[in-house]
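Quick note on labels: first sequence line is chain A, next is B, and so on, each numbered from 1.
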Amino acid sequence: MTTWFLIIDCNTFYASVEKVFRPDLRNKPVVVLSNNDGVVVALSQEAKDVGIKRGDLLFKIEELVKTHRVHVFSSNFVLYYDFSKRIETVVRRYFYDVEKYSVDEMFIEYTTDKSVDEIRETAKKIRDTISDEIKIKVSIGIAPTKTLAKVMNRYAKKDKRYQGVAILKDTNLLQKALFTYPAGDVWGIGRQHSKNLAAQGITTAWQFSQMNDNWLRKNFSIVGLRTARELRGIRCIDMELHPPDKKNILCSRSFGKPISELSDLKAAVSAFVQEVAEKLRRQKSVCKSIGVMVMTNPHRKDQKQYYNSVMLELPYAANDNLTLQEIAFIGLEKIFRTEHLYKKAGVFVNDLFSSENIQYTLWDNAAKISKRRHLFQTVDTINTSLGLIKLGIQKGTEAKHSMRQTKKSPNYTTDISQVPKIDMD
DNA sequence: TCTGGGGTCCTAGGACCC
DNA sequence: TCTGGGGTCCTAGGACCC
């Protein structure tokens with residue numbers, strides 16, 4: 001028996017999803033923008049071919065967009081997440097244990113005595129099924145460790161000869177796979193490490209993997225050592241089938257237009273508190289403190305800059321909007337200064353623990369706390385199906401802090417009023 | 001006009017305790 | 001002629017991922 005790791009990775013995911021309901025965009029360049037339509041976060045191969053890169057500012061590529069008739073979309077996470085779930089469902093028909101690593105990637109651990117060719121055929125079948133049923137192309141990398149599977153995945157994606165599935169047949173081929181593979185493209189080696197490595201003449205994954213353990217440990221911590229060992233074929237990173245509860249939850253967002261009034265910031269903070277509180281309740285956690293941060297636009301050198309954040313203790317461990325909002329507002333008022341144009345705000349909670357075993361002290365108003373918790377359980381139930389209930393402060397003020405999203409596609413798959421219509425006339 | 005959002009882990013250093 | 005040492009907790013900062 002041999003244990004393999006498969007990684008299934010969707011090609012240019014957001015851009016591909018946007019194309020599914022738009023057959024007229026086949027073979028056309030498509031880009032998807034960040035929140036507020038600021039920068040390119042995803043792009044189709046055709047868009048890459050005309051010279052657009054991830055991270056490009058929209059206003060700087062206007063010329064390219066015009067000349068090459070690039071189709072531009074605001075991000076539609078509801079749609080992408082729904083596609084992600086559909087793809088996962090297909091994969092689970094073949095493998096019960098799937099690690100959802102990100103919205104467009106899944107790891108699978110596969111222990112089998114099947115031959116390399118048989119494994120490749122299975123992978124191809126999964127790939128074809130996803131392509132047929134969901135209309136999304138995926139690449140699959142297969143190897144004895146997660147890090148090597150990621151390496152193979154890139155070969156599967158970049159080199160047509162693999163037809164979307166690349167497997168590291170045996171470790172004798174390690175040197176061949178890593179010899180020309182850029183060190184900076186290895187999973188776990190980012191920009192900074194890559195720069196430091198290059199300064200010492202280390203540019204390939206193979207060179208990195210052959211460095212001395214002590215040196216790796218000293219310069220790149222235990223994380224870097226683990227990466228090097230994984231590249232040698234030694235398994236160091238396991239599957240994570242059940243995502244652990246979040247230890248921190250953050251909700252922050254830039255505003256479509258700058259805000260200067262406290263009341264408008266309050267409306268934004270209230271909305272962020274709502275999101276944070278919902279996430280807390282979803283994982284059955286409570287928090288003992290809550291933080292708020294505000295900032296001006298750091299890119300506007302001509303404007304007065306201000307950044308501040310504050311963390312406040314709650315009177316008791318909680319996860320209901322009302323308690324969290326009360327304290328968040330106190331925090332906001334502490335750090336709010338007039339005369340600034342605020343571009344972004346955020347709400348965060350750290351040190352979460354399970355809501356199942358809260359210890360109240362003698363002074364806690366247990367009745368009030370319990371009432372609030374039940375109230376928001378009900379609110380969650382209603383919002384899950386309708387999404388209508390908000391705290392009063394948010395009423396009518398949404399426009400002031402809402403994002404700019406002028407090019408959003410319909411929620412084709414999750415909103416009955418937005419499904420595509422076919423004209424039969 | 002225009003610059004994303006949400007996470008994780010690791011390390012070093014200071015405070016504090018006995 | 002000497003000025004401990006080990007353990008724990010917390011925080012800030014820096015790296016990484018998508």
Inset, instruction - Verify the neighbour count for atom OH of Tyr81(A): are there more than 12 heavy atoms of other residues, nucleotides or ligands below 6.0 Å? - result: no

Inset, instruction - Tell me, please, whether Phe353(A) has Lys288(A) positioned over its six-membered ring: NZ or CZ under 6.0 Å from the ring centre and within 45 degrees of its axis? - result: no

Inset, instruction - Would you classify Phe220(A) as touching base, sugar-phosphate or nothing, given that sugar-phosphate means primed atoms plus P, OP1 and OP2, and contacts are heavy atoms under 4.0 Å? - result: nothing

Legend entry - Sugar-phosphate only, base, or nothing, as touched by Lys247(A) at under 4.0 Å among non-hydrogen atoms: sugar-phosphate

Inset, instruction - Please work out if Asn297(A) contacts a base, only the sugar-phosphate, or nothing of the nucleic acid, heavy-atom cut-off 4.0 Å. - result: sugar-phosphate

Inset, instruction - Could you tell me whether the phosphate oxygens of dT3(B), OP1 or OP2, come under 4.0 Å of any side-chain nitrogen or oxygen in Lys301(A)? - result: no

Inset, instruction - Look at all strands and tell whether Lys195(A) reaches a base, only sugar-phosphate, or nothing, counting heavy atoms closer than 4.0 Å. - result: nothing

Inset, instruction - Please report, rounded to the nearest Å, how far the P atom of dG4(B) is from the CG atom of Asn35(A). - result: 9 Å

Inset, instruction - Provide, to the nearest angstrom, the distance between the OH atom belonging to Tyr342(A) and the P atom belonging to dT3(B). - result: 18 Å

Inset, instruction - Counting heavy atoms from C-beta on, name the nucleotide in dA15(C), dT8(B), dG4(B) closest to the side chain of His193(A). - result: dA15(C)

Inset, instruction - For Leu250(A), answer base if it contacts any base atom (sugar-phosphate contacts may also be present), sugar-phosphate if it contacts only those atoms, and nothing otherwise; contact means non-hydrogen atoms under 4.0 Å. - result: sugar-phosphate

Legend entry - Whole-Å distance separating the CG atom of Asn219(A) from the P atom of dC10(B): 17 Å

Legend entry - Quiz item: Arg54(A) side-chain donor-acceptor pair to dG4(B) base, under 3.5 Å: yes

Legend entry - Toward the 5' end of DNA chain B, by each residue's nearest nucleotide, Ser221(A) or Lys246(A): Lys246(A)

Legend entry - Any donor-acceptor N or O pair under 3.5 Å, side chains Ser131(A), Lys137(A): yes

Inset, instruction - Determine: side-chain N/O of Lys343(A) to OP1/OP2 of dT3(B), distance under 4.0 Å, yes or no. - result: yes

Legend entry - Among dC18(C), dT8(B), dG7(B), the nucleotide that comes nearest once only the side chain of Tyr101(A) is considered: dC18(C)

Inset, instruction - Check the side chains of Thr323(A) and Tyr316(A) for a donor-acceptor pair under 3.5 angstrom, ignoring hydrogens and angles. - result: yes

Legend entry - Sugar-phosphate only, base, or nothing, as touched by Val276(A) at under 4.0 Å among non-hydrogen atoms: nothing

Inset, instruction - Counting heavy atoms from C-beta on, name the nucleotide in dG5(B), dC17(C), dC10(B) closest to the side chain of Arg226(A). - result: dC10(B)

Inset, instruction - Would you kindly compare Val223(A) and Gly38(A) by the position of their nearest DNA chain B nucleotide and give the one closer to the 5′ end? - result: Gly38(A)

Inset, instruction - Assign Leu33(A) to base, sugar-phosphate, or nothing according to its heavy-atom contacts below 4.0 angstrom with the strands shown. - result: nothing

Legend entry - Protein-nucleotide distance (Phe348(A), atom CZ; dT11(C), atom P), rounded to Å: 12 Å

Legend entry - Sub-4.5 Å side-chain heavy-atom contact between Thr204(A) and Pro182(A): no

Legend entry - Atom P, compared across dT3(B) and dC18(C): separation rounded to whole Å: 25 Å

Legend entry - Atom-pair distance (CG on Leu216(A); P on dT11(B)), nearest Å: 13 Å

Inset, instruction - In whole angstrom, give the distance that lies between atom CE of Met403(A) and atom P of dC2(B). - result: 18 Å

Legend entry - Touch class at under 4.0 angstrom, heavy-atom based, for Lys100(A) against every strand present: nothing

Legend entry - Strand partner of dG14(B), provided both Watson-Crick or wobble distances fall under 3.5 Å: dC9(C)

Legend entry - Aromatic contact, Phe336(A) with Tyr342(A) (centres under 6.0 Å): yes

Legend entry - Listed nucleotide nearest any side-chain atom of Ile222(A), set dT3(B), dG5(B), dT11(B): dT11(B)

Legend entry - Distance in angstrom units between Asn153(A) CG and dC17(C) C1', rounded: 15 Å

Legend entry - Closest to side chain of Trp187(A), choosing from dC18(C), dC16(C), dG4(B): dC18(C)

